[in-house]
Amino acid sequence: MIQINVAQIKRRLVGEKPLAFNLAPSELEINPSEMAVVGDIRMEGSISNTGDVLLLQAKLSCEVHRTCGRCLKEFTGTNEAEVVEKFYPAGTENIENDAFVYDSDVIDITEPLREGLLLAEPMQALCKPDCKGLCPVCGADLNEGDCGCDKVSIDPRLAALKQFIKN
Ligand SMILES: [Zn+2]
Ligand SMILES: [Zn+2]
């Protein structure tokens, strides 16, 4: 849990507090089944007083243990996230139900950081942008060379295209 004391910046308009942390995944309540973070999460940013709200701006980065969605190889990639979130004083009217609110000199920034980082993680990670994946016939890793299987005839889209060219 990451709590920031904002007593100082609340007193001054345009007050700003720089933030720079190395965080363990557990401090952001990220468990390995959600995202397999390797080492610490780096975070840099600030909280500033914009008059009506406190504005959190943060850049996060960490290494993540991933499995390639095409060739199933395991690799380590970098997750980079940017978070911009407003915190409203308690009692503010006309704000969304899920808006972040504070009612003391301490604000808890765990949830926006956690969400930002999890959202930035790709649904399907690739070991490299042009990963060739596995052969649908024999399962060989096509990045390591062609296995020699006839892959064209089993791809219905390519088969249709072939037909089209013939006509
Ligand atoms: Zn791959
Ligand atoms: Zn093959």
Side-chain angles (χ1 to χ4, degrees), residues 1-4 16-48 53-87 95-101 107-167:
M1 194 149 93
I2 314 300
Q3 294 185 320
I4 309 291
E16 181 173 307
K17 183 171 185 150
L19 306 171
F21 301 119
N22 272 354
L23 306 168
S26 60
E27 287 179 278
L28 290 186
E29 290 158 26
I30 292 174
N31 65 55
S33 66
E34 292 174 298
M35 195 165 90
V37 177
V38 181
D40 281 347
I41 298 161
R42 296 167 296 280
M43 181 253 180
E44 258 183 68
S46 64
I47 293 182
S48 48
V53 298
L54 296 177
L55 186 68
L56 166 69
Q57 292 173 289
K59 284 188 175 161
L60 297 148
S61 68
C62 63
E63 301 302 306
V64 182
H65 188 83
R66 295 170 176 161
T67 303
C68 177
R70 284 189 197 151
C71 72
L72 307 180
K73 198 183 293 164
E74 301 201 348
F75 66 102
T76 301
T78 305
N79 178 322
E80 287 179 319
E82 267 187 65
V83 173
V84 177
E85 198 63 67
K86 292 173 186 157
F87 286 80
I95 54 172
E96 292 135 51
N97 281 336
D98 58 353
F100 293 100
V101 172
I107 64 171
D108 186 339
I109 61 171
T110 312
E111 197 52 34
L113 296 184
R114 178 188 137 79
E115 277 176 18
L117 205 59
L118 289 177
L119 281 175
E121 183 66 5
M123 294 292 281
Q124 194 194 48
L126 295 178
C127 64
K128 54 185 179 184
D130 61 344
C131 174
K132 295 186 176 76
L134 301 177
C135 169
V137 180
C138 74
D141 185 347
L142 298 175
N143 297 303
E144 287 163 15
D146 192 27
C147 52
C149 294
D150 180 4
K151 293 177 280 289
V152 176
S153 62
I154 66 149
D155 188 328
R157 285 163 306 168
L158 283 179
L161 190 65
K162 260 183 171 175
Q163 204 58 43
F164 179 72
I165 291 165
K166 258 186 226 154
N167 296 339

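First listed ligand is number 1; within each ligand, the first listed atom is number 1.
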**Q** Do Thr110 side-chain atoms and Ile2 backbone N/O form a donor-acceptor pair below 3.5 Å?
**A** yes
**Q** So, do Met43 and Leu117 sit near enough that their side-chain heavy atoms are less than 4.5 Å apart?
**A** no
**Q** So which protein N/O/S atoms does the Zn ion (ligand 2) have within less than 2.8 Å?
**A** Cys135 SG, Cys138 SG, Cys147 SG, Cys149 SG
**Q** So that I can tick it off, tell me whether Arg114 and Glu34 are bridged by a salt bridge, with the cut-off set at under 4.0 angstrom between side-chain N and carboxylate O.
**A** yes
**Q** Please check: side-chain N/O of Arg66 versus main-chain N/O of Ala125, any donor-acceptor pairing under 3.5 Å?
**A** no
**Q** Calculate the angle formed at the Zn ion (ligand 1) by SG in Cys127 and SG in Cys71; 10° precision is enough.
**A** 110°
**Q** Does any non-hydrogen side-chain atom of Ile41 lie less than 4.5 Å from one of Leu113?
**A** no
**Q** Would you check if Leu134 and Asp141 make a side-chain contact, meaning some heavy-atom pair closer than 4.5 Å?
**A** yes
